[in-house]
Amino acid sequence: QVQLVESGGGLVQAGGSLRLSCAASGRANSYYAMGWFRQAPGKEREFVAAITWSRGITAYSDSVKGRFTISRDNAKNTLYLQMNSLKPEDTAVYYCAARYYIFSNPPTGSSEYNYWGQGTQVTVSS
């Protein structure tokens with residue numbers, strides 16, 4: 001079992017920045033991939049970014065590429081999402097996810113992940 005706890009959400013003006021954190025505990029180790037997903041009211045959960053824990057290979061959705069950066073701190077077992085140049089359409093509940101994964105490019109589908117955090121709200125005002 002892997003436990004994931006997100007933090008760092010909040011209210012920010014358009015153009016501002018936030019950094020989300022996801023603390024992993026339990027069986028999470030270097031054979032995992034981790035990702036960030038988000039879900040706005042009335043919309044499907046969508047992929048934001050993902051990273052392989054051991055090699056740090058990343059993937060981003062087109063909507064956040066160039067604005068968001070995913071990273072991890074192996075020593076702290078913590079995943080981050082640095083979000084810059086935020087837009088009102090980035091408003092959503094952001095979820096951290098993890099799965100056992102030994103391949104190169106991280107998975108980008110929500111159904112491919114089997115551990116999830118409780119989510120943290122990000123609200124961007126115009």
Side-chain angles (χ1 to χ4, degrees):
Q1 284 287 347
V2 175
Q3 294 79 42
L4 304 172
V5 179
E6 302 101 332
S7 61
L11 173 64
V12 64
Q13 288 189 332
S17 298
L18 279 176
R19 188 177 80 157
L20 305 183
S21 299
C22 174
S25 60
R27 295 180 59 189
N29 57 33
S30 59
Y31 298 109
Y32 272 72
M34 295 188 72
W36 290 99
F37 292 78
R38 66 187 182 186
Q39 189 166 18
K43 294 189 176 181
E44 298 281 321
R45 187 170 297 189
E46 66 171 351
F47 168 73
V48 174
I51 188 168
T52 56
W53 200 259
S54 59
R55 297 176 63 185
I57 298 172
T58 59
Y60 294 93
S61 69
D62 288 342
S63 62
V64 307
K65 199 173 295 183
R67 299 188 297 125
F68 291 10
T69 302
I70 189 171
S71 63
R72 83 273 191 240
D73 184 325
N74 290 0
K76 295 182 179 179
N77 251 12
T78 301
L79 178 73
Y80 301 102
L81 185 68
Q82 178 66 43
M83 304 186 295
N84 298 329
S85 302
L86 282 161
K87 304 174 181 179
E89 50 264 44
D90 294 318
T91 295
V93 177
Y94 283 70
Y95 296 92
C96 171
R99 65 158 290 165
Y100 180 75
Y101 196 77
I102 61 172
F103 302 107
S104 296
N105 297 314
T108 60
S110 60
S111 62
E112 299 179 88
Y113 288 83
N114 48 4
Y115 298 106
W116 292 86
Q118 82 288 350
T120 185
Q121 177 71 45
V122 172
T123 302
V124 184
S125 63
S126 57

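For clarity, every value in this text was computed on a predicted model and none was experimentally measured.
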Output for pair (Phe68 CZ, Ser85 OG), nearest 0.5 Å, gives 9.0 Å
Over all heavy atoms of both residues, which pair between Leu4 and Ala24 is shortest? Give the atoms and the distance, please. CD2-CB, 3.8 Å
Partners meeting side chain to side chain donor-acceptor pair (under 3.5 Å) with Gln118 (sequence neighbours left out): Glu6
Could you give the distance from CZ (Arg72) to OG1 (Thr52), rounded to the nearest 0.5 Å? 7.0 Å
Ser17-Asn84 side chain donor-acceptor pair, cut-off 3.5 Å: yes
Report yes or no: do Thr123 and Gln121 form a side-chain donor-acceptor pair below 3.5 Å? yes
Stepwise side-chain contact (heavy atoms from CB on, under 4.5 Å) check, Glu112 with Arg99: CA-CA 8 Å; Glu112 299 179 88; Arg99 65 158 290 165; 3.9 Å; yes
Could you walk me through whether Val122 and Leu20 pass side-chain contact (heavy atoms from CB on, under 4.5 Å), step by step? CA-CA 9 Å; Val122 172; Leu20 305 183; 4.0 Å; yes
Check residues 40-49 and write down every donor-acceptor pair under 3.5 Å in which the side-chain atom is one partner and the other belongs to a residue at least two apart or another chain.
from	atom 1	to	atom 2	distance (Å)
Glu46	OE2	Arg38	NE	2.6
Glu46	OE2	Arg38	NH2	3.1

Applying side-chain contact (heavy atoms from CB on, under 4.5 Å) to Tyr100 and Val2, what does each step give before you reach the verdict? CA-CA 10 Å; Tyr100 180 75; Val2 175; over 6 Å; no
Just verifying a value: how many Å separate Asp90 CG and Leu18 CG, rounded to the nearest 0.5 Å? 10.0 Å
Minimum heavy-atom distance Thr58-Pro106, with the two atoms named: C-CG, 4.1 Å
Which pairs, with at least one residue in residues 54-94 and sequence neighbours excluded, count as a disulfide (SG to SG under 2.5 Å)? none
Please give the remaining members of the hydrophobic cluster of Ile57, linking ILVMFWY side chains under 4.5 Å, ordered by chain and number. none
Does Thr78 use its side chain to pair, donor to acceptor, with the backbone of Lys76 at less than 3.5 Å? yes
Which pair of heavy atoms, one from Val124 and one from Thr91, lies closest together, and at what distance? N-OG1, 2.9 Å
Which of these passes ring pair (Phe, Tyr, Trp, His ring centres under 6.0 Å) with Phe37: Tyr113, Tyr94, Tyr95? Tyr113
Which atom of Ala50 lies closest to which atom of Pro107, heavy atoms considered: CB-O, 3.6 Å
Which Ile, Leu, Val, Met, Phe, Trp or Tyr residues join Tyr80 in one cluster when any pair of side-chain heavy atoms under 4.5 Å counts as a link? none
Quick check: closest heavy atoms across Gly35 and Ile70, and the distance to 0.1 Å? CA-CD1, 4.5 Å
Before you tell me yes or no, could you show the steps for Trp36 and Val64 under side-chain contact (heavy atoms from CB on, under 4.5 Å), namely the whole-Å CA-CA distance, both residues' side-chain angles and the distance that decides it to 0.1 Å? CA-CA 11 Å; Trp36 290 99; Val64 307; over 6 Å; no
Among pairs that include at least one residue of residues 76-126, which meet disulfide (SG to SG under 2.5 Å), considering only residues two or more places apart or in two chains? Cys22-Cys96
Is there a donor-acceptor contact under 3.5 Å from the side chain of Arg55 to the main chain of Ile51? no
Kindly determine whether Asp62 and Lys65 satisfy salt bridge (charged side-chain N to carboxylate O under 4.0 Å, His left out), including the steps that lead there. CA-CA 5 Å; Asp62 288 342; Lys65 199 173 295 183; 3.4 Å; yes
Within this structure, what is the CD-OG distance for the pair Gln3 and Ser25, rounded to the nearest 0.5 Å? 4.0 Å
Please round to the nearest 0.5 Å and tell me the distance separating atom CG of Asn77 and atom CE of Met34. 8.0 Å
How many angstroms lie between atom CH2 of Trp53 and atom CG of Leu79, to the nearest 0.5 angstrom? 5.5 Å
Counting the benzene-type ring for Trp, do Tyr101 and Phe103 have ring centres under 6.0 Å apart? yes
